Novice: 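Following this message is one structure expressed as structure tokens.
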Amino acid sequence: MKKLVTVSLPYANSEAHVGHIAGAYLPADIYQRFQKLKGEDILFLSGSDMHGSGVLINAENVSEDPHSFALKYHNKFKNIFTKLDIGFDIYSNTATEIHKKRVHDIFLKLYKNKYIIQKLEYQPFCENEKRFLPDRYVEGACPNCENPKVKVGESCDKCNTFILFDNIKNPECKICHHKPILKKTKNFFLELPLFEKEIKKYINKKNIFRKTVKDLSESYIKTGLISRSITRDMSYGISIPLEGFEDKVIYVWFEALIGYLSISEELKGDKWEEYWKEPSQTIFFMAKDNIVFHSIILPSILLGYNKNLVLPYNIVSNEYLLLEGEKMSKSNNHSLLAKDALKLFGKDNLRFYLALNLPEGKDFNFQKKDLIKTINSTLASNIGNYINRTLTFAYNNFDGVIEKYESLEDEKYISDFFKNISSSYDNFKIKKAVNDIISFSDHANQKFDQLKIWENKDPKNIYILIQYVYALSLLLYPIIPESATNLAKILNTKIKTDKYKPFWGKIEKPYIIFPKIENDD
RNA sequence: CGUGGGGUGGAGCAGUGGUAGCUCAUCAGGCUCAUAACCUGAAGGUCGUUGGUUCGAAUCCAACCCCCGCAACCA
């Protein structure tokens, strides 16, 4: 079956940190790797979001051209994903011609169908700077408590009043402190209320959604959907495909969502729609702040554009990662970039630790000390040591030759276990799968003791024990592909299935695949 | 009543109606094939508080307490 697996597009104005990886990219990769093992036809994609004021402002700060600035960060993302074995079929960006064409096509179609309409509205404008002022560029005093330092679009720290341009006192331009005026401007609006009924029905039926996804979407919809402006007075971004709007661009959140379609097309050409139509499923991984874009706005765009396109089959969101007990923050220099974590711990140690602790249900506190402890006690001492003691024993006592026997009890245990894991993955319980694999390794270690192979040196026993090693190579592959592949090489086999079948044959000289991390405290 | 999440043995977590679980740490045994690794057993929890629903509540409901995020870079 065809499945489209995507991860939300990262904003090309900063580098990936461990939170990005744990919150979205790693769980998506593990999921898609497993599905590929099962033989599903997976298209796994993402790409950098190249536009938006965040990119523009950051680029201006360092006096760079916004496009080359974004491209620089795009390449950094691409590079770190490759280094972390996030196995995208395509990682592109939203600055391509294909993307622009698709956005224009969708924009015009929605416009023609009156799902996008023009509205005149008044926006704060600074005559001194000769520019429209986005929300937070207008400062003033709170209308309720007179607190002199509030910004439009935020809540007052003191009394929690939400500040609007309509109610702020003594407004001034943040840049030059002149008083802004209201100036008429024409913008385009996406008429979300037209989709409200269908979206409500859609979300209601989606029992596969995690609790947060459902709750957040429902609470967003509860108060009724409102039209949202999808254009901005800016020079950087995707142009509006109508005459007379050369000084405006399409707002980034509208166009970035379309990236999923255009990037599909970029890789698959004319066949891209096959991944977006029945019976294909589309699955979106992201952190929790992106939920409503995917559960409400993307479905609305799809409904308005082409009724044959499927709505998201699942939206898999994760909570946040804390670092050493505190929220990550660049300005406080409290952040761990993915590339630094990679250097410190190594790819598979990092992947394994994050996978075991994915913030699926609640925030997870990433601690370096805990990582070292966890890797040493589970991946090295439990799983790694089991693999090593078994392989070494086979190599030293049986010349690495595993003869075929039968052990129905163990073979059944392993097959049943595989079914369990498969159902965990299919239900997007990735963390549970990783935890279960550790229990599997526990069971294998117990088996080793019970069989007392060092006394009897029975070839049937090594056959039994090696079944667990082979099983581990398959089980670990989605989580730590490189190490699992190395293990498969020792076993002289290849990883290409999610099903367990009895294993025998000649193995290569083993070595320690999962060394401990030296603690240099 | 601003809002979302969370409060489970020393630490980190799982567990959404039916005898409280896992990993680490602690203690006592065992084993020696292995990365001083592995196995067995023990101790340790009034599941934030109070009240309610129920034959039965960590799990459902209500109220309250505490912690974290919700201004900016930022998933």
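Nothing here was measured: the structure is a model prediction, and the numbers come from that model.
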Novice: If you measure from the C1' atom in A58(B) to the same atom in A20(B), how many Å do you get, rounded?
Specialist: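 Here A58(B) and A20(B) have their C1' atoms 8 Å from each other.
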
Novice: Pairs counted as Watson-Crick or G-U wobble with both distances under 3.5 Å: what dot-bracket string results for RNA chain B, using | for bases tied to another strand?
Specialist: .(((((((.[[[[.)..(..]]]].(((((.......))))).....[[[[[..)....]]]]])))))).....

Novice: For a quick check of understanding: with a heavy-atom distance under 4.0 Å over all strands, which category does L321(A) fall into, base, sugar-phosphate or nothing?
Specialist: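 Base, at least one base atom sits under 4.0 Å.
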
Novice: Atom CG of L9(A) to atom P of C74(B): distance rounded to whole Å?
Specialist: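 Answer to the nearest Å: 15 Å.
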
Novice: How would you label the contact of F514(A) with the nucleic acid (heavy atoms, under 4.0 Å): base, sugar-phosphate, or nothing?
Specialist: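 Contact class for F514(A): base.
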
Novice: Tell me if the centroids of the rings in H294(A) and Y260(A) come within less than 6.0 Å of each other.
Specialist: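 Yes, the ring of H294(A) comes within the 6.0 Å limit of the ring of Y260(A), centre to centre.
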
Novice: Take T212(A) and S439(A), find for each the nucleotide of RNA chain B with the closest heavy atom, and name the residue whose nucleotide sits nearer the 5' end.
Specialist: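 Mapping each residue to its closest nucleotide by heavy atoms, the 5'-most match is T212(A).
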
Novice: Are D85(A) and K347(A) within salt-bridge range, i.e. N to O under 4.0 Å?
Specialist: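 Result for this pair is yes, salt bridge flagged.
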
Novice: Looking only at side-chain N and O atoms, does R210(A) offer a donor or acceptor that is under 3.5 Å from a partner on N314(A)?
Specialist: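 Judged by distance alone, the side chains do not pair up.
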
Novice: Apply salt bridge (Lys or Arg N to Asp or Glu O under 4.0 Å) to residues R389(A) and D449(A) and explain how you reach the verdict.
Specialist: CA-CA 11 Å; R389(A) 71 199 292 211; D449(A) 263 47; 3.5 Å; yes

Novice: Output the rounded distance in Å from CZ (F77(A)) to C1' (C74(B)).
Specialist: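 It is 11 Å, rounded to the nearest whole Å.
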
Novice: Just the rounded figure in Å: distance from C1' of C73(B) to CD of E326(A).
Specialist: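 Computing the E326(A):CD to C73(B):C1' distance gives 16 Å.
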
Novice: Under the side chain to side chain contact (heavy atoms under 4.5 Å, CB included) rule, what do F284(A) and N290(A) come out as? Steps first, then yes or no, please.
Specialist: CA-CA 10 Å; F284(A) 300 82; N290(A) 262 316; over 6 Å; no

Novice: For G18(B) and C27(B), measure between their P atoms and round to the nearest Å.
Specialist: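 The answer is 36 Å between these two P atoms.
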
Novice: If you measure from the P atom in U3(B) to the same atom in G45(B), how many Å do you get, rounded?
Specialist: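 The same atom, P, in both gives a distance of 38 Å.
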
Novice: On a whole-Å scale, what distance lies between the C1' atoms belonging to A75(B) and G4(B)?
Specialist: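 These two C1' atoms come out 15 Å apart once rounded.
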
Novice: Produce a footprint string for nucleotides 29-34 of chain B: one letter per nucleotide, 5' end first; B if the base is under 4.0 Å from any protein heavy atom, S if only the sugar-phosphate is, - if neither.
Specialist: -BSSBB

Novice: Verify whether the ring centers belonging to Y31(A) and F44(A) lie closer than 6.0 Å.
Specialist: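 No; F44(A) has its ring centre 6.0 Å or more from that of Y31(A).
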
Novice: Check every atom of A37(B), C39(B), C73(B) against the side chain of Q446(A) and return the nucleotide holding the closest atom.
Specialist: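 Out of A37(B), C39(B), C73(B), the nucleotide with an atom closest to Q446(A)'s side chain is C39(B).
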
Novice: Return yes when atom NZ of K72(A) has more than 12 non-hydrogen atoms of other residues, nucleotides or ligands closer than 6.0 Å, and no otherwise.
Specialist: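 More than 12 heavy atoms, drawn from other residues, nucleotides or ligands, come within 6.0 Å of this atom.
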
Novice: Between K327(A) and A75(B), is there a side-chain N or O to OP1/OP2 distance below 4.0 Å?
Specialist: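 K327(A) to A75(B) OP1/OP2: no side-chain N or O under 4.0 Å.
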
Novice: Heavy atoms only, 4.0 Å cut-off, all strands: where does A24(A) land among base, sugar-phosphate and nothing?
Specialist: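 The answer is nothing, as A24(A) stays clear of every strand by at least 4.0 Å.
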
Novice: When F34(A) is tested against each of F418(A), F428(A), Y425(A) for ring pair (Phe, Tyr, Trp, His ring centres under 6.0 Å), which residue passes?
Specialist: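 Single pass found, and it is Y425(A).
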
Novice: With a 4.0 Å cutoff (strictly under), does any side-chain N or O of Q450(A) reach OP1 or OP2 of C39(B)?
Specialist: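 Answer is no, no contact under 4.0 Å.
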
Novice: Consider only side-chain N and O atoms of N420(A) and D436(A), and report whether a donor and an acceptor are under 3.5 Å apart.
Specialist: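 No, because no side-chain N or O of N420(A) sits under 3.5 Å from a partner of the opposite role on D436(A).
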
Novice: For a quick check under 3.5 Å, do Y91(A) and S48(A) share a side-chain donor-acceptor pair by atom type?
Specialist: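 S48(A) and Y91(A) do have a side-chain donor-acceptor pair below 3.5 Å.
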
Novice: For nucleotides C60(B) and U16(B), find the distance between their P atoms and express it as a whole number of Å.
Specialist: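 Taking atom P in both C60(B) and U16(B), they lie 9 Å apart.
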
Novice: If you measure from the P atom in G69(B) to the same atom in G56(B), how many Å do you get, rounded?
Specialist: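 About 41 Å, rounded to a whole number of Å.
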
Novice: Using atom CG of D442(A) as one end and atom C1' of U40(B) as the other, report the distance to the nearest whole Å.
Specialist: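 One finds 13 Å between C1' of U40(B) and CG of D442(A), rounded.
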
Novice: Atom CG of L379(A) and atom P of U23(B): how far apart are they, to the nearest Å?
Specialist: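 In whole Å, U23(B) P lies 16 Å from L379(A) CG.
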
Novice: May I ask you to check whether Y413(A) and H443(A) place their ring centres under 6.0 Å from each other?
Specialist: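 Distance test on ring centres: under 6.0 Å, yes.
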
Novice: Do F364(A) and Y353(A) make the cut of ring centroids closer than 6.0 angstrom?
Specialist: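 Yes, they do, as the ring centres are separated by less than 6.0 Å.
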
Novice: Between U50(B) and U8(B), how many Å separate the two P atoms, rounded to a whole number?
Specialist: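 That atom pair is separated by 16 Å.
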
Novice: At under 4.0 Å between heavy atoms, what does N61(A) touch on the DNA or RNA strands: base, sugar-phosphate, or nothing?
Specialist: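 It contacts nothing in the nucleic acid.
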
Novice: Say you pick atom C1' in A71(B) and the same atom in G52(B); how far apart are they, in whole Å?
Specialist: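 Each nucleotide's C1' atom is 41 Å from the other's.
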
Novice: Need to verify one output field. Residue with the more 5' nearest nucleotide on RNA chain B, N290(A) or S441(A)?
Specialist: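 Result of the comparison: S441(A).
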
Novice: Among C74(B), U23(B), G5(B), which is the nearest nucleotide to the side chain of T378(A)?
Specialist: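 Comparing C74(B), U23(B), G5(B) against the side chain of T378(A), the answer is U23(B).
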
Novice: Taking only N/O atoms, report every protein-nucleotides 7-15 of chain B pair under 3.5 Å with atom names and distance.
Specialist:
| from | atom 1 | to | atom 2 | distance (Å) |
| --- | --- | --- | --- | --- |
| A14(B) | OP1 | K431(A) | NZ | 3.3 |
| A14(B) | OP2 | K362(A) | NZ | 3.0 |

Novice: How many angstroms lie between CD1 in I301(A) and CG in L192(A), if you round to the nearest 0.5 Å?
Specialist: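 Rounded to the nearest 0.5 Å, the CD1-CG separation comes out at 8.5 Å.
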
